[in-house]
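Report on the following structure.
Because the structure is a prediction, the values reported are computed rather than measured.
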Amino acid sequence: LQGLMEVRADQRALSKYSSALRSRVKAASTVDDLLTAEIADLRLKLQQLYQAAILADINAAAEQELDRALWRNSIYIVIEQLRRLRTTDVFGVSGALYEFFLHSSGMYHALLAVIAAAHGINLTGVVDAHLVGETAPPPQGDPATHNHARVIVCRTLVYLGDLQRYMDSIDGGEAGVYPGRRARADAARRLYAQARAVLPSDGGPFNQLAVLSTHALNEGVDAAFYYMCSLACECPFSSAMNNANLLLDKARAHALPQLPSMTPQDTAALQTHRHQLLSFFCTAFLRVHDVLFRKDKLDNFEGQSAGLLAAFDCVLAIAALDDAGDAAPSFRFIFKLLGINMLSAARLVAEGGGQRHEDCAIYLAQRMLIHLMSWMTSCLQQHAAHGPPVSALQPWLAALKPSLDWLTSPPMWERLLQRHDSQTVNMLWAALADLLNAVTEHDEAIHRTPSPQAVALPEDLELRGIAPLQHTHSALDFSAEARAAIMGDQQGIRTASLVALGRLVAGCPQFSLTFNAESHTFAVPTASSPMQAPSASPAQRERVMQVMAQRRLESEVARLESDAARQRPALAAVLIPDTMTLANNMPLVTELLSTGEFMVVVPQAVLAGLDSLKAGTQRIHKGARDAIRAIQEAMQRMDPSLRAQYPAEVLLPPYIDPYTQIIDDNIAIIACCRFFVAQAVGQRGVVTLLSADAALAGMAHSENIGCQSASEFLRQHRSSRRHGR
């Protein structure tokens, strides 16, 4: 009875404070009116009540969406009024307004840490180090309760990202005082990605990534990709469908830019009209998917797709131009185009969009894959003259792999078996054969990694949780430890996975693709297009599916045997100093090196920091010059005990996207440490970060990396040597 009375009292207090805050916010006519002490006090009382309710019963909080009520009633209500005032007044994020955003973020940081610790959600290596402290291992409690806690943690990260995004939309403060606009957008994107890592089944973070990408310079392709990802999740965002419709409405209303006639060989024309070409292609691409998305009439789909594919060839040709500049399409752009094709076709197949719409969507997905693989093969064949090296095409293989994984997983595999004699299917396998032959001829990594490993690659991580790839992803290990172990072998594993996929197709008698085990090459008969093969019976299709499962099992067994046989040599003790350690305490580092017991690796970010400090007359400037000189001399005499970080010695935290986010010095230093920690699996205390910076030490602690100041580390080392330890 007492508990019931307390609940009712809390409900009355929530209603009272919510009503009072709503009326005062609505009456505010200026920014100052919104930021009075009275409104701040009401917001604080509301937040305390909501937080207490959430922490008291996490199951009820998740089911009743109390976290959404906390956001809506105490924070978004103020932001909404700020946006209204923004239309009639000019102001920036400064002073008390910046404090509002800072306080709101701090409240969510504290809530996140408490929930993670109370419910044993290990967020180390998933979210930014400053958001949470050390968390306990998962408790042996109710799985439903643990999942509800993850739901609220995921949403909390989304709210933190929204705060950055709304602060960006209200404009920035003075440069150098408050975080800049690009920094806020990057912070929001990073937080949404972290929310995805916590709960891949939730489509909410994908929707927010789409909102953040609405104004990207590709006519909405990024936003369309993220909206479709949100719809393909197990728990799609409620308004993602409506948001996608609004986006495609814009593409339908957008006039196609006029372009002169050109071909992929017209280098001068491509260079002159590259911006218009990309705008034309993006708009035409979204228009085609608008018809498929709404299941409208397909009056001239063949003509539209032919024009689109011709433009796609020209877009790929721009990517090969050395001086295309910011107009050159990146592999991430192609990754998203192929992703939209896959998600659109998979959605139509799953929902029963009609045979004609399904066939057209699959046809477009296959034809764009054919054109991309043909272009990549051409680039590799020209490598000896002026084409890109095979390592430069690895990101494009990453863009290609998810679509091929989708085509070889149910129900698409069954569908391809039924249409084995179609011209498009045979062209697809022919393009795949040419590409795999070209890649394996130039890529030595495939010989170092003879069998694929069931570990998630970055492209798998980005699409984790979407329905079309669930079958493929169910066999992959997404753990941070597994991904760290293959960090240096990703290229070989990716190539081996694609070769294994090709061999899987070659093992099916219905398809024209064959594999020569002696020469390790693929081939497609040239005289059969389409192939005149007998129709596959249900028994034959069942046998093919059994062969497919058997080969996947053999691949997994080979991976496990390879892991068991791999012996990691003991790693020398590695010291990784930050900039201030070398600039202020180089003599201490030199003394540690003189013992012969340590290897000092200087991160590239630290070298850049020393370079920026070397000009000046103060002690720190002289120390920076001395440190640079010592490193240069060590490298000249090829001293392995003191060297700079190699470019490949990087292992970014899984929530960092290096292609869209700014990597600051602290993250770069931690990425260097994580690489050497991954090389020392099972060996404790091998890697130590030498730093007296509290923020950097906190990040290292969250990654389970040892961190001490140089003086403290040297003092302990002297003591251990005196006592014979």
Within 6.0 angstrom of E80 CD, more than 12 heavy atoms from elsewhere = yes

Gap separating the CG atom of L157 from the CG atom of D162, nearest 0.5 angstrom = 11.0 Å

NZ/NE/NH1/NH2 to OD/OE distance under 4.0 Å, R332 and E462 = yes

Are any side-chain N or O atoms of R150 and backbone N or O atoms of I121, one a donor and one an acceptor, separated by less than 3.5 Å?
-> no

Report yes if the distance between the aromatic ring centroids of Y166 and Y76 is under 6.0 Å, otherwise no.
-> yes

Does the side-chain hydrogen bond (donor to acceptor under 3.5 Å, both in side chains) test come out yes or no for D67 and Y50, once each step is laid out?
-> CA-CA 8 Å; D67 57 296; Y50 276 120; over 6 Å; no

Using only heavy-atom distances, determine whether the side chains of D578 and S691 contain a donor-acceptor pair under 3.5 Å.
-> yes

Has the side chain of R464 got a donor or acceptor atom that lies under 3.5 Å from a matching backbone atom of P200?
-> no

Among C707, C672, P603, P577, which residue meets the side-chain contact (heavy atoms from CB on, under 4.5 Å) test with L689?
-> C707

Could you tell me whether the side chain of H289 and the main chain of S344 form a donor-acceptor pair under 3.5 Å?
-> no

Is the closest side-chain heavy-atom distance between F293 and N245 below 4.5 Å?
-> yes

Do the non-hydrogen side-chain atoms of L42 and R24 ever get within less than 4.5 Å of each other?
-> yes

Check: Q604 main-chain N/O paired with Q645 side-chain donor or acceptor under 3.5 Å | yes

Just checking, any donor-acceptor pair under 3.5 angstrom between side chains of S479 and D477?
-> yes

L46 and side-chain contact (heavy atoms from CB on, under 4.5 Å): which partner among I77, L14, L70, I75?
-> L14

Close side-chain approach of L469 and M342, heavy atoms under 4.5 Å = yes

In terms of side-chain heavy atoms, does N242 have a donor or acceptor partner in S239 at a distance below 3.5 Å?
-> no

If every non-hydrogen atom of A240 is compared with every non-hydrogen atom of Y227, which pair is closest and at what distance?
-> O-CD2, 4.2 Å

List the atom of N666, the atom of A695, and the distance in Å for their closest heavy-atom pair.
-> ND2-CB, 4.5 Å

Can you find a heavy atom in the side chain of N207 that is under 4.5 Å from one in the side chain of Y226?
-> no

Considering all heavy atoms of both residues, which atom of P236 and which atom of C233 are nearest to each other, and what is their separation?
-> CD-O, 3.4 Å

Can you measure from CG (L248) to CG (N243) and round to the nearest 0.5 angstrom?
-> 11.0 Å

Between Y108 and R155, is there a cation-pi geometry (under 6.0 Å to ring centre, at most 45° from the normal)?
-> no

Distance-only, no hydrogens or angles: does the S230 side chain make a donor-acceptor pair with backbone N or O of G203 under 3.5 Å?
-> yes

Any donor-acceptor pair under 3.5 Å from T581 side chain to L690 backbone | yes

Side-chain H-bond candidate by donor/acceptor type, R165 with Y192, under 3.5 Å = yes

Kindly indicate, with the supporting measurements, whether the criterion side chain to side chain contact (heavy atoms under 4.5 Å, CB included) is fulfilled by F333 and L337.
-> CA-CA 6 Å; F333 173 69; L337 291 177; 3.6 Å; yes

For the pair K401 and D460, find out whether any cationic side-chain nitrogen is under 4.0 Å from an anionic carboxylate oxygen.
-> yes

Gap between atom CD1 of I705 and atom CD1 of I670 - 0.5 Å precision | 4.5 Å

Side-chain touch F335/F225, heavy atoms, less than 4.5 angstrom | yes

Would you say the side chain of D41 lies within less than 4.5 Å of the side chain of I39, judging by non-hydrogen atoms?
-> no

When you measure from the side chain of Q491 to the backbone N and O of Q394, does any donor-acceptor pair fall under 3.5 Å?
-> no

Distance in Å, H146 NE2 paired with D142 CG, rounded so as to fall on 0.5 Å steps = 11.0 Å

Is it the case that Q81 and R84 place a side-chain donor and acceptor less than 3.5 Å from each other?
-> yes

Flag the pair L343 / C229 as yes when at least one side-chain heavy-atom distance between them is below 4.5 Å, and no otherwise.
-> yes

OG of S104 to CG of L163, rounded to nearest 0.5 Å, is 5.5 Å

Please confirm whether the backbone N or O of W406 pairs with a side-chain atom of S409, one donor and one acceptor, at under 3.5 Å?
-> yes

R196 side, atom CZ; L191 side, atom CG - distance, nearest 0.5 Å = 14.5 Å

Is there side-chain contact between V687 and I576, with heavy atoms separated by less than 4.5 Å?
-> yes

